[in-house]
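Below: one structure, written as C-alpha cells.
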Protein chains: 4
Amino acid sequence: MKLNCDLGESYGNWTMGLDAQVMPHIDQANIACGFHAGDPLVMKQTLQLAKLHQVSIGAHPSYPDLMGFGRRSLNCSFEEIVALVTYQVAAIDGFAQSLGLELAYVKPHGALYNDMMADESIREAILTALAGYHKPLKLMLQATTRFNEHQAQAKNHQITLLSEAFADRCYDDDGKLLARSKAGAVHNREQMLAQVKQLTEQGSVTTVSGNIIPLHVDSLCVHGDNIEGVQAIEAIKALLS
Amino acid sequence: MKLNCDLGESYGNWTMGLDAQVMPHIDQANIACGFHAGDPLVMKQTLQLAKLHQVSIGAHPSYPDLMGFGRRSLNCSFEEIVALVTYQVAAIDGFAQSLGLELAYVKPHGALYNDMMADESIREAILTALAGYHKPLKLMLQATTRFNEHQAQAKNHQITLLSEAFADRCYDDDGKLLARSKAGAVHNREQMLAQVKQLTEQGSVTTVSGNIIPLHVDSLCVHGDNIEGVQAIEAIKALLS
Amino acid sequence: MKLNCDLGESYGNWTMGLDAQVMPHIDQANIACGFHAGDPLVMKQTLQLAKLHQVSIGAHPSYPDLMGFGRRSLNCSFEEIVALVTYQVAAIDGFAQSLGLELAYVKPHGALYNDMMADESIREAILTALAGYHKPLKLMLQATTRFNEHQAQAKNHQITLLSEAFADRCYDDDGKLLARSKAGAVHNREQMLAQVKQLTEQGSVTTVSGNIIPLHVDSLCVHGDNIEGVQAIEAIKALLS
Amino acid sequence: MKLNCDLGESYGNWTMGLDAQVMPHIDQANIACGFHAGDPLVMKQTLQLAKLHQVSIGAHPSYPDLMGFGRRSLNCSFEEIVALVTYQVAAIDGFAQSLGLELAYVKPHGALYNDMMADESIREAILTALAGYHKPLKLMLQATTRFNEHQAQAKNHQITLLSEAFADRCYDDDGKLLARSKAGAVHNREQMLAQVKQLTEQGSVTTVSGNIIPLHVDSLCVHGDNIEGVQAIEAIKALLS
C-alpha cells in the first residue's frame with residue numbers, strides 16, 4: 001500500500017503545505033503544474049525535494065483557476081480539457097526529466113478530479129489526453145465500487161489506472177466519501193488507522209452504516225497541510241511498516 | 001537562408017496573426033507557450049499547422065505577462081528566469097512530441113528577447129535553462145556584431161546558436177536595429193528585398209549611414225500580423241528560391 | 001427602444017470589436033471590467049469613447065476567466081459572486097466618475113449572464129451585490145416570459161431591471177433564444193428588421209413555430225464584432241428613427 | 001505618530017499575514033487590490049475587519065504580478081501606470097463605500113513603491129492617477145531627505161503626502177534604508193523601540209554611521225506577517241501610548 005500526497009501547492013510568495021516534512025514519508029507526490037498552484041520555481045523545488053527522497057512523481061493538473069485554487073468546476077469543452085491536461089503534464093514531464101526524474105502518473109486536482117469521477121465525458125477527455133501523450137502515463141483516480149467500469153473505459157485507451165482511497169474519510173454505502181457536511185465524515189486517529197488496516201489487509205472499508213464493501217486500492221491519499229496531517233502520515237507509516 | 005516567424009499568438013477568444021497564411025511559406029515557427037499568448041488549445045492547433053506544412057518548431061517563451069503581451073521587462077531573478085524558460089520549453093516540447101514533432105530551438109519573446117541581447121546575466125540564465133534541459137536545444141538570438149562573444153558564452157554551455165536578422169528593419173553602425181522612432185527605421189519593399197539579397201549573398205548589411213558591416217545570419221525574421229506582412233514573406237520567398 | 005452593445009473587449013495587444021465604429025450608433029455601452037477582457041487602459045479608452053458619443057455606460061462583469069473569455073461557467077459560491085461583481089462594478093464606477101461619467105447599470109457577461117438567467121440563486125447573488133453597492137444601479141437581463149418573476153425578485157432588493165432582446169436571434173415558444181445549433185437560429189437582415197419593428201411597435205416576437213408572444217423590452221442587444229454587425233446596427237438605427 | 005501595515009494579502013486558498021491580530025493595533029491598513037494579492041472576497045473581508053476596528057484604509061495598488069507578489073519591477077508606460085493605479089483605487093474605493101468606509105489614501109506596493117521612490121516619472125504617473133481621481137486621496141510614500149522635493153511635485157497635482165518610516169530598519173546617511181544584505185540592516189527589538197522614540201520625539205533617525213538626520217514622518221510601517229511582527233507592534237503601541 002503506497003501513500004500519496006498533494007505537494008508543490010505554494011505559489012510565488014504564498015506558502016502552502018509542509019512539503020519538506022511530508023516528502024520523507026510518502027511514496028508518490030502529486031505535484032501542482034501551475035494552473036491552480038505551483039509556479040515554475042515552486043515546481044522545480046518540489047521536484048528536487050522528491051528526488052532527494054526518491055519519491056515517485058505524478059502530475060497534478062487542474063482547471064486554470066488560481067483564485068479558486070482549482071476547486072471550482074469550470075465548464076470546459078472536451079478539446080479544452082485534452083489540451084490543458086496535456087500542457088500541464090508536458091510542463092512537469094520536461095522539468096522532471098531535466099532533473100533526472102521520470103513522471104509516473106497523473107492525478108487531476110480538485111474540481112477536475114471530482115468532475116472526472118462524476119462525468120464520463122470528462123474522464124474520457126482526461127484519458128484522451130493521456131493516451132495521446134508520447135509516453136505511457138498511469139491515471140490515478142478514486143477507488144470506488146465502479147472501479148471495473150472505470151478500468152474498462154481506461155483499457156480502451158490502453159491506460160493503466162491507479163486507485164486511491166482516503167485514510168481519514170468515512171465512506172457511504174455507495175463507496176463514495178461521506179459529504180464533509182455530515183456527522184462522522186472525518187475519522188479520528190483511531191478510526192483512520194483501523195480503516196487503513198482494513199483497506200490494506202482485507203481490501204475493504206466499513207461504511208457509515210456498518211456495511212463492509214470491497215475497494216481495490218493502490219494508494220492512500222494523505223494530507224500535509226499542517227502538523228496534524230504530518231503526524232497522521234507518520235502514524236500510518238508506522239502501521240504499514 | 002531560412003525564414004522564421006512568431007506564431008500561435010492568439011489567446012482564447014482573441015485572434016492574432018494570419019498563421020494559416022504564413023505557415024506554408026516559412027521554415028521555422030516560433031510558437032508562444034502560454035505566458036504572453038498561446039493558451040493550450042491555441043498551442044496545439046499551431047503545432048498541428050506546423051506539422052501540416054513541415055515547418056521546424058521553436059519554443060517562444062516569455063515573461064509571464066498576458067496584459068503586456070510579454071513586451072514589458074519584468075525584473076526576475078536568475079533562478080526565476082531559468083525556471084520559467086524551462087517550464088515553457090517543457091510544455092511545448094511534450095505537446096510537440098505527442099503530435100510527432102521535434103522541438104528544435106528556443107527563441108525568447110519580446111522583452112525577454114531584448115533583455116537577453118542587452119544583459120549578459122539574463123543571457124546566461126536562458127543558456128542555463130537550455131543547458132539543463134534533458135535534450136539538446138539551439139538558442140535563436142539576434143545577429144549582431146557581437147556574435148562571437150555570444151557564441152563563446154553559449155559554448156560554455158554547449159549550446160548551439162542560431163542568429164536571425166530582420167528583413168525589414170534598418171541597422172545602425174553598431175549592428176543594432178535603428179530605433180523605430182527614427183526616420184528610415186523600417187524599410188519599404190524594395191529596400192527590404194535588397195537587404196535580404198545582401199544578407200544572403202554577402203553576409204552583410206548596409207547601415208543607416210551607408211557603412212557595410214558583416215552579419216552572420218542563419219534565419220530572417222518575418223511577420224505575419226497582417227496581409228502586408230504575408231505579401232512581404234511571399235516576395236522574400238520568391239527572391240530566395 | 002435603446003440599443004446596447006458589448007464593448008471594451010480588447011486586452012493588451014489583442015484587439016476585439018469595432019468599438020470606434022459602433023459607439024456613435026448605440027445608446028448603452030456594456031464595458032468589460034478586466035475579468036474576461038478589458039485591461040485598465042482599454043477600460044479607460046472605452047469610457048473616453050463613450051463620453052465622446054454621450055453613450056450611457058454599464059458595467060459588464062464576468063467570471064474571472066481570460067482564457068475562456070468569461071464564456072465558461074465557473075462554479076462560484078454565493079459570496080464569491082457577490083464579491084467579484086462588486087469589485088468589477090466598483091472598478092469601472094470609479095474610473096467612470098473620474099472621467100465625468102455616471103455608471104448607469106450592470107449587465108453580466110457570458111456564462112455569468114446565462115447562469116443568472118437559469119439559476120435563481122446566482123440571480124440573487126448578483127442582485128445582492130447591486131443592492132449592497134453604495135449607489136443605485138439597474139440590472140440589465142434578458143427579456144423573457146418570466147420577466148414578472150424576475151422583477152419581483154429584483155424588487156426585494158429595490159433594484160430596477162432593464163430587459164434586453166436580441167435583434168438577430170429567433171425565439172422559441174418559451175421566450176428563450178433558439179439554440180444556435182438549430183436551423184433558423186440567426187435571422188437574416190430582413191427578418192431581423194421585422195423583429196425589431198414588432199418588438200418596438202407591438203412589444204412582441206413571433207417565435208420559431210409562428211406563435212406571437214409578448215416581450216417587455218427596454219433595449220436591443222446589437223453586435224460590433226465585424227463590419228456586418230456595424231451595418232446591421234446602422235440598419236436598425238435607420239428603422240427606429 | 002500613526003502605525004500602518006500591509007494587510008489583505010491572502011489570495012484564494014493561500015493565507016498570508018495575521019490580519020485579525022494586527023488590525024486592533026494599527027491606525028492605517030494598506031489593503032491589497034487584487035493585482036499582487038487580495039482577491040475580491042479577501043478584499044471585502046479585510047475591509048470589514050478594518051471597519052470593526054475603526055482603522056483608516058488605504059489602497060495598496062501594485063504592478064499586475066501575482067506570481068511575483070508585485071515585488072518585481074514591470075516596465076510599464078506612463079499611461080499604463082495611470083490606468084492600473086486608477087483601476088485598483090476605484091475597485092477598493094467602491095467596495096469600501098459599500099461597506100460604509102471612506103478610502104483615505106494610496107500607498108503603492110512592492111516594486112511599484114520602490115520605483116515611485118527612485119524614478120520621478122513613475123512618481124508623476126502615480127500622482128497623475130490620484131489627481132485624476134474623482135475625490136481627494138493622499139499619497140503615502142517613504143520619508144526621506146528628499147521629502148521637500150516630493151512635496152513640491154505632489155503640490156503641482158494638489159495631492160497631500162503622507163510620509164512613512166520603518167520602525168525596524170536601519171537608515172543610511174542618505175536617509176535611505178540600509179540594504180537588507182548589509183550587516184545591521186534590521187534592528188533588534190531594543191534598537192527598533194529607540195528608533196521609534198527618536199522619530200516620534202525628535203523627528204530624526206540615527207544612521208548606520210552614527211549621524212543624526214531629520215525625517216518628517218506621519219506614520220510608521222509595521223509588519224504582521226508572523227507572531228514576532230505582532231509582538232513588535234504591541235511593543236511600539238505601548239511605547240507610543
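Just so you know, these numbers use all the heavy atoms, side chains as well, and skip hydrogens, waters and symmetry mates. Every chain is numbered from 1, with letters handed out A, B, ... down the list of sequences.
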Only heavy atoms, only distances under 4.5 angstrom. Which residues in [range] are near chain D?
| range | value |
| --- | --- |
| residues 105-136 of chain C | C:Gly132, C:Tyr133, C:His134 |
| residues 85-92 of chain C | C:Thr86, C:Tyr87, C:Ala90, C:Ala91 |
| residues 7-39 of chain C | C:Cys33, C:Gly34, C:Phe35 |
| residues 42-67 of chain C | C:Met43, C:Lys44 |

Least distance between heavy atoms, D:Ala83 atom then C:Pro40 atom: O-CB, 3.5 Å

Heavy-atom closest contact (C:Glu79 atom, D:Leu41 atom, distance): O-CD1, 3.7 Å

Take atom NZ in C:Lys237; do more than 12 heavy atoms of anything else shown fall under 6.0 Å from it? yes

Residue C:Gln158 excluded, over 12 heavy atoms near CD under 6.0 Å: no

